[in-house]
Amino acid sequence: MSKELIRSTQYRQLNAIISEAELTESPELQQELAALYGEATTKFQPGKLISGTIKRIDQDGILVDINYKSDGLIPKFEFGPHELKKFKEGDLIEVILDELENVDGNVILSYEKAKALKAWDEITKLYEENKPVEGLVTHKVKGGLSIDLGVPAFLPGSQIDVQRVTDFDQYVGQVIQALIIKINRKRGNVIISRRKLLTDQRAEARGKVLDVLTEGQVIRGTVKNITNYGVFIDIGGVDGLLHITDMTWGRISHPSELVKIGDPITVKVLSIDKQNEKISLGLKQLSENPWQQAAQKLKVGDRVTGKISSITDYGLFVEVMKGVEGLVHISEISWTDRIADLHKKFKVGDEIEVLIVSLDADNRRMSLSIKQLEKNPWESITEQFKEGQVITGTVSNVTDFGVFVQLIPGVDGLVHISDLSWTEHIDHPSSLFKRGDSVQAIILGIDQANKKISLGIKQLAQDPWDAIQEHYPVGSIVEGEVSRITNFGAFVKLASGIEGLVHISELSDQNVEKVEDILKIGEKRQFKVINLNKEERKLGLSLKLEDRPTREVRESRSESKARSDDRSGAKREKKAQAPRSRRSEQAAEASSPSKAKSALQIALEEHAARQSEANEDNE
């Protein structure tokens with residue numbers, strides 16, 4: 001774009017003469033100007049609280065008309081996200097004049113300072129009067145919430161409610177009331193407590209309610225909280241406890257089966273403890289006690305039909321009348337069946353027939369039975385079966401300790417694992433029997449009182465150990481098959497089924513480290529019987545087939561040698577004592593003057609003594 005050059009000839013000079021009188025304002029004009037200037041300087045002073053009208057709200061903030069030559073701007077950052085929404089164009093707003101004109105010539109206003117100026121006066125007054133203050137929850141901070149009271153205030157998490165609060169976000173954006181518990185205007189700190197306000201309000205309401213409540217009064221409340229032991233009911237600001245035992249004449253596992261939080265409920269006041277401010281409530285007391293009717297309609301021995309209301313580990317609860325329940329103990333389910341889990345046979349809601357065994361209406365207890373509807377099969381068991389009787393039955397169950405055999409429907413006998421075989425080593429009965437197998441057994445014992453019958457299968461055959469000494473005497477050679485191998489030897493099964501042990505030391509005259517090097521499972525060999533103990537059912541075998549003294553022969557020889565040694569010792573002692581005796585006699589005779597012997601007599605006596613000793617040695 002071209003620029004036009006201005007020449008000096010284009011300038012013109014004006015020569016005007018103005019008098020001093022014309023430059024001097026009139027007194028009226030001076031007074032008017034002074035009034036305008038004074039009003040402007042008085043009204044629009046920085047830091048002063050003024051009012052204005054909102055002209056526009058945009059992304060920069062709020063533009064306010066304060067009746068000045070220029071409009072003032074409140075920056076957007078001075079408003080919280082919830083606070084900005086409550087303003088609209090045309091609303092009056094109080095602000096602080098920060099700057100009448102900044103470097104850009106703009107009027108700067110502050111809404112935040114205006115709030116703080118007004119709020120501190122109000123906060124101080126409410127704090128001194130112990131009155132609640134109202135504010136907006138702006139956001140969550142560490143350990144609590146930030147509340148806008150005109151100035152930021154801190155609400156600790158422990159002071160939000162009378163109960164512990166874990167989710168602080170639920171309060172953001174809400175307007176709450178709280179009591180001021182601490183202020184520091186110099187530092188700008190305000191701490192408030194909503195919990196204290198709620199506690200004070202409830203204490204006041206509780207006092208009013210306790211004054212008008214009476215025992216037996218029927219009132220309406222709201223379910224406030226549910227626990228395992230009952231329900232807390234809000235009755236006009238006061239919490240009363242409706243215990244689970246006072247909710248129904250029947251039986252429930254948890255209060256939530258009847259009510260839920262927020263439900264309106266009508267209850268009866270059972271007791272009031274004004275000193276501890278505790279109220280006990282009842283729901284079942286609003287209706288007549290059905291146990292009183294049960295005592296008139298039901299009696300012990302009656303057969304009744306009821307519905308299973310609950311199942312526990314120890315039995316069934318059956319409702320026989322509305323609000324009247326009895327217990328069928330697990331021991332009263334069946335005469336014979338062993339029931340470990342009632343849930344497999346019954347379910348809640350089933351209708352069953354039961355027999356009333358006992359009834360205690362005062363304590364609201366009733367015992368029921370299912371098995372007593374039928375005759376006890378054990379009462380006639382001794383008439384049908386005797387000890388020693390051979391029976392044929394069906395395997396009803398197989399356990400690790402034996403086999404149960406059904407004698408008649410409802411009566412089982414047990415064949416213990418030790419009574420299955422005389423000779424076999426059975427790890428588990430399932431290797432021989434399974435459910436449904438037909439087996440033959442002999443009755444070993446009947447315990448009618450404890451409902452037990454002992455059976456035996458091995459007793460059907462003779463015990464091979466009874467004739468073990470005749471069939472397998474010590475020193476005999478037998479043939480057997482290796483059935484098991486251990487680290488200390490091998491077990492050998494003989495033709496009769498008896499197992500004997502070949503110790504590793506009896507496999508060879510040489511040192512054997514592994515039994516498998518000499519014998520294999522299933523191998524048939526000849527063995528020599530070297531040891532037999534009928535009482536302990538032990539049979540010792542050996543692969544060393546050459547003749548050698550058996551244990552009995554060795555013991556006999558040892559005993560003979562011991563007796564011989566004893567006789568020899570006695571003889572030597574007698575020989576040692578004889579010379580001493582003779583020498584003593586000779587000395588006595590020599591010392592006696594009346595019995596002096598000649599040299600010939602002495603020599604003859606010594607010769608006789610030597611001859612006697614020789615004869616004893618020959619013997």
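Just the heavy atoms: all of them, side chains too, but no hydrogens, waters or symmetry mates, feed the values below. Quick note: residue numbers are just sequence positions, from 1.
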Which atoms form the tightest heavy-atom contact between Lys284 and Trp249, and what is the distance?
O-NE1, 3.0 Å
What is the minimum heavy-atom distance between Ser51 and Glu94, and which atoms define it?
OG-CG, 3.6 Å
Can you spot which of Thr227, Ile226, Val231 makes a side-chain contact (heavy atoms from CB on, under 4.5 Å) with Tyr229?
Thr227
Do Gln293 and Glu288 make a side-chain contact, defined as non-hydrogen atoms from C-beta onward lying under 4.5 Å apart?
yes
Indicate yes or no for a side-chain donor-acceptor contact from Asp161 to the backbone of Arg164 under 3.5 Å, with no hydrogens or angles considered.
no
For Lys196 and Asp200, run salt bridge (charged side-chain N to carboxylate O under 4.0 Å, His left out): C-alpha distance rounded to whole Å, both residues' side-chain angles, the deciding distance at 0.1 Å, then the answer.
CA-CA 6 Å; Lys196 188 174 186 302; Asp200 292 347; 3.5 Å; yes
So CD1 of Ile370 and NE2 of His329: to nearest 0.5 Å the spacing works out to 13.0 Å
Exam field: side chain Gln285 to backbone Leu281, donor-acceptor pair closer than 3.5 Å:
no
Are there over 12 heavy-atom neighbours, none belonging to Arg365, within less than 6.0 Å of that residue's CZ?
no
Any donor-acceptor N/O pair, Asp263 side chain to Lys260 backbone, under 3.5 Å:
yes
Neighbour count >12 (heavy atoms, 6.0 Å) for atom NZ, Lys268
no
Is it the case that the side chain of Thr124 and the backbone of Asp121 share a donor-acceptor pair, with hydrogens and angles ignored and the cut-off at 3.5 Å?
no
Pair listing, salt bridge (charged side-chain N to carboxylate O under 4.0 Å, His left out) test, anchored in residues 217-226, at least two apart
Lys224-Asp239
Within this structure, what is the CG-NE2 distance for the pair Leu145 and His139, rounded to the nearest 0.5 Å?
9.0 Å
Checking Val411, Asn397, Val415 against Val405 for side-chain contact (heavy atoms from CB on, under 4.5 Å), the one that qualifies is Val415
Heavy-atom side-chain proximity of Val403 to Val439 below 4.5 angstrom:
no
Test side-chain contact (heavy atoms from CB on, under 4.5 Å) on Leu407 and Leu455; report intermediate values, then the result.
CA-CA 10 Å; Leu407 282 70; Leu455 304 176; 4.0 Å; yes
Using the test side chain to side chain donor-acceptor pair (under 3.5 Å), find all partners of Asp341 that sit at least two apart in sequence or belong to another chain.
His343
So with a 6.0 Å cut-off around CD of Gln163, is the heavy-atom count from everything else above 12?
no
State, with a plain yes or no, whether a side-chain heavy atom of Tyr127 is found less than 4.5 Å away from one of Ile192.
no
Tell me if the NZ atom of Lys113 is crowded by more than 12 foreign heavy atoms within 6.0 Å.
no
If you round to the nearest 0.5 Å, how far is CD1 of Ile391 from CZ of Phe385?
7.0 Å
Find out whether Val218 and Val267 are in side-chain contact, i.e. whether some heavy atom of one side chain is under 4.5 Å from a heavy atom of the other.
no
CD on Gln217 to CD1 on Ile235, rounded to 0.5 Å
8.5 Å
May I ask you to test the Asp65-Asn67 pair for a side-chain heavy-atom distance under 4.5 Å?
yes
N/O donor-acceptor pairs under 3.5 Å from side chains in residues 306-317, not counting sequence neighbours:
from, atom 1, to, atom 2, distance (Å)
Ser309, OG, Phe317, O, 3.1
Ser309, OG, Glu325, OE2, 2.8
Ser310, OG, Arg251, NH1, 2.9
Thr312, OG1, Tyr314, N, 3.4
Thr312, OG1, Gly315, N, 3.3
Thr312, OG1, Gly315, O, 3.1

Evaluate Val172 against Thr138 for side-chain contact (heavy atoms from CB on, under 4.5 Å), listing each step before the verdict.
CA-CA 6 Å; Val172 176; Thr138 57; over 6 Å; no
Applying side-chain contact (heavy atoms from CB on, under 4.5 Å), run through Trp291 and Leu298 and close with a yes or a no.
CA-CA 10 Å; Trp291 284 91; Leu298 303 175; over 6 Å; no
How far apart are the closest heavy atoms of Leu73 and Gly61, and which atoms are they?
CD1-C, 4.3 Å
Euclidean distance, Ile453 CD1 relative to Gln448 CD, rounded to 0.5 Å
9.5 Å
Can you list every pair that meets salt bridge (charged side-chain N to carboxylate O under 4.0 Å, His left out) and has a residue in residues 166-177, with sequence neighbours left out?
Lys140-Asp169
Using modelled atom types and a 3.5 Å cut-off, is there a donor and acceptor pairing between side-chain atoms of Lys452 and backbone atoms of Gly445?
no
Taking all atoms of both residues into account, what is the closest heavy-atom pair of Leu210 and Lys274, and its distance?
O-CE, 3.2 Å
Run the ring pair (Phe, Tyr, Trp, His ring centres under 6.0 Å) test against Phe154 and tell me which residues pass, sequence neighbours left out.
none
If I compare all heavy atoms of Leu420 with all of Pro429, which pair ends up nearest, and what's the gap?
CD1-CB, 4.2 Å
Step-by-step side-chain contact (heavy atoms from CB on, under 4.5 Å) determination, Arg303 to Leu373
CA-CA 8 Å; Arg303 290 172 174 249; Leu373 294 172; 3.4 Å; yes
Looking at side-chain heavy atoms only, is the closest gap between Val357 and Leu368 below 4.5 Å?
no
Sub-4.5 Å side-chain heavy-atom contact between Leu155 and Ile176
yes
Quick check: does any side chain N or O of Glu78 sit under 3.5 Å from a backbone N or O of Ile74, one acting as donor and the other as acceptor?
no
Grab the two heavy atoms, one from Gln406 and one from Ser396, that are nearest each other, plus how far apart they are.
N-OG, 4.3 Å
Check whether any side-chain heavy atom of Asn228 sits under 4.5 Å from a side-chain heavy atom of His254, and report yes or no.
yes
When rounded to the nearest 0.5 angstrom, what distance separates CD in Gln201 from CD in Gln177?
7.0 Å
Check: Gln159 main-chain N/O paired with Arg195 side-chain donor or acceptor under 3.5 Å:
no
With sequence neighbours left out, which residue pairs that include part of residues 397-411 fulfil the salt bridge (charged side-chain N to carboxylate O under 4.0 Å, His left out) condition?
none
